[in-house]
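Along the sequence shown, residues are numbered consecutively beginning with 1. Excluded from the calculations below are hydrogen atoms, water molecules and symmetry mates; all remaining heavy atoms, backbone and side chain alike, are included. These numbers come from a predicted model, not from an experiment.
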Amino acid sequence: MRGKAREGCYDRVMRGKRLGLSSAAVLLAAAAAGYAYWRRGGTLPMAAPAAALAPAAPQDEVSLPGRIRAQHLIDVPPPQDGTISAFFADIGQEVYEGQLIARVTNESFETAQQATARAVEAAQARLNSLESAVLASRLEASRARAEASRARGDYDRLERTQRRQEMLYREGAAPKLAAERAAREYELAQSEYRGLEGVATRSEDRVNQILRDMDAAKRALDEKNAELEDIKTRLGASELLSPAQGIVVGRKGDPGAEVTVDRKDFFQIAVDLNLLEVVLEPEPPVLNLLKAGQAALIVVADQPGDGILGSLRALEKSQAIIAFTSPNPAIKPGQTAQVRIKLK
């Protein structure tokens, strides 16, 4: 009995082995056939995807990433044509109104300043010289006028004496020598007076001429000073000041580069930092689902809270602009945000 039982077990084991070998051979043959079929360019049948078996459910909302920017920007041109000397504000830096943010120098103004400064010095020196000359001329004219006045007094006195002696001589009351002496003294006094009067007149004319030259020199000095002040003002205008409080979001050029005043966006400053917007760039299928006015929820990275309500303000080419009012001054242009837009 035991021998028969052992034989029965042996038969069953052998049959199981033969069955296993047969199954493995079938699987290997199927795999080889599939590989050969794939090598010939055929395709193997695949199970239909689950999505193809049932219609897609319509979307109620989409979630898109974007970057925050300010709604209002101020373009700041350079103060003058010239060379960028230095920047004092970087992109992303907060600035206040009147803060120095850049300096643009113009070598032609510096050269003109030096030349005009020399012209001012020369004009001032000429005016100083004329002021000294007019003082000396006035003193000389005063002395000449005093001498002329003295000579005029002598002349008038001797004229009266000469007339009196001449009258007495005609009347026979005075000798001829006395009349002749009075006439000679009168003529000498007259000649002296005329000479001194001419000197005094020329001295006074010289004073008047110097005064006229002084007036012209003063006008020339004033003009040169005004020109110098204008150049200094232009040189002072080389400093670019921020026109408002905000954040620098754009800057053009590098120190040493040339710049002209027609570069209107030399600096760009974001202002009204509570009025912000998120710029999205959705794929065309999603973009076609968006319309202006749709409600949106903005979730700013690293900011607490459930999000900020906003709305789709505009669609511009491939971009969607979501406007919102920020309740948190920590939210600034340049940060990233995730926006959920209600489609229904």
Side-chain angles (χ1 to χ4, degrees), residues 76-86 88 96-156 189-244 255-256 258-264 266-267:
V76 186
Q80 62 183 1
D81 295 345
T83 303
I84 301 174
S85 176
F88 301 101
Y96 56 85
E97 182 177 357
Q99 180 177 338
L100 177 64
I101 58 177
R103 181 177 289 117
V104 177
T105 58
N106 191 311
E107 292 184 359
S108 63
F109 288 154
E110 294 178 355
T111 303
Q113 182 189 27
Q114 295 172 1
T116 305
R118 289 193 295 269
V120 167
E121 292 177 359
Q124 185 64 60
R126 173 168 172 72
L127 180 59
N128 294 341
S129 176
L130 290 171
E131 288 176 346
S132 299
V134 78
L135 291 175
S137 297
R138 278 176 172 170
L139 181 59
E140 180 183 349
S142 177
R143 290 172 178 172
R145 179 52 60 190
E147 287 295 319
S149 297
R150 179 194 59 75
R152 179 58 186 261
D154 292 343
Y155 166 70
D156 290 341
Q190 185 182 49
S191 177
E192 181 184 17
Y193 163 67
R194 288 176 178 175
L196 292 175
E197 178 66 22
V199 171
T201 299
R202 289 190 294 273
S203 297
E204 291 168 350
D205 289 344
R206 175 171 172 74
V207 170
N208 292 332
Q209 181 60 50
I210 294 175
L211 290 174
R212 287 192 293 271
D213 292 344
M214 282 181 59
D215 290 339
K218 286 180 180 179
R219 288 194 298 271
L221 179 60
D222 291 342
E223 291 174 0
K224 292 300 179 182
N225 276 325
E227 184 178 347
L228 183 60
E229 287 302 318
D230 180 61
I231 294 174
K232 286 182 178 179
T233 300
R234 294 188 181 186
L235 284 173
S238 64
E239 295 185 345
L240 180 62
L241 307 180
S242 173
E258 296 294 323
V259 68
T260 57
V261 293
D262 57 2
R263 170 62 81 176
K264 301 303 181 184
F266 181 51
F267 266 79

Report task. List in chain and number order the residues that pass ring-ring contact (aromatic ring centres under 6.0 Å, His included) with Tyr155, two or more places apart in sequence or in another chain; answer none if no residue qualifies. Result ->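 Partners of Tyr155 under the ring-ring contact (aromatic ring centres under 6.0 Å, His included) test: Tyr186, Tyr193.
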Test of understanding: with salt bridge (charged side-chain N to carboxylate O under 4.0 Å, His left out), list the residues that count as partners of [X], not counting sequence neighbours.
X      : value
Asp222 : none
Arg150 : Glu147, Asp154, Glu192
Asp81  : none

Hey, does [Y] have a side-chain heavy atom less than 4.5 Å from the side chain of [X]?
X      : Y      : result
Ser238 : Gln80  : yes
Val104 : Thr83  : no
Asp205 : Thr201 : yes

Query raised in the report: Between Asn128 (side chain) and Gln124 (backbone), is there a donor-acceptor pair under 3.5 Å?
Result: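 Yes: the side chain of Asn128 pairs with the backbone of Gln124.
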**Report entry** Taking every non-hydrogen atom, the tightest pair across Phe267 and Leu240
**Finding:**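 Nearest heavy atoms, Phe267 then Leu240: CD1-CD2, 4.0 Å.
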Would you tabulate the side-chain donor-acceptor contacts of residues 135-146 under 3.5 Å, counting partners in other chains and residues two or more places apart, or write 'none'?
residue, atom, partner, partner atom, Å
Ser137, OG, Ala133, O, 2.9
Ser137, OG, Arg206, NE, 3.3
Arg145, NE, Glu204, OE2, 2.9
Arg145, NH1, Glu197, OE1, 2.7
Arg145, NH1, Glu197, OE2, 3.2
Arg145, NH2, Glu197, OE2, 3.4
Arg145, NH2, Glu204, OE1, 3.1
Arg145, NH2, Glu204, OE2, 3.4

**Report entry** Test side-chain contact (heavy atoms from CB on, under 4.5 Å) applied to Val134 and Asn208, Leu211, Asp213, the passing residue
**Finding:**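 Exactly one candidate clears the test, Leu211.
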Would you tabulate the side-chain donor-acceptor contacts of residues 112-121 under 3.5 Å, counting partners in other chains and residues two or more places apart, or write 'none'?
residue, atom, partner, partner atom, Å
Thr116, OG1, Ala112, O, 2.7

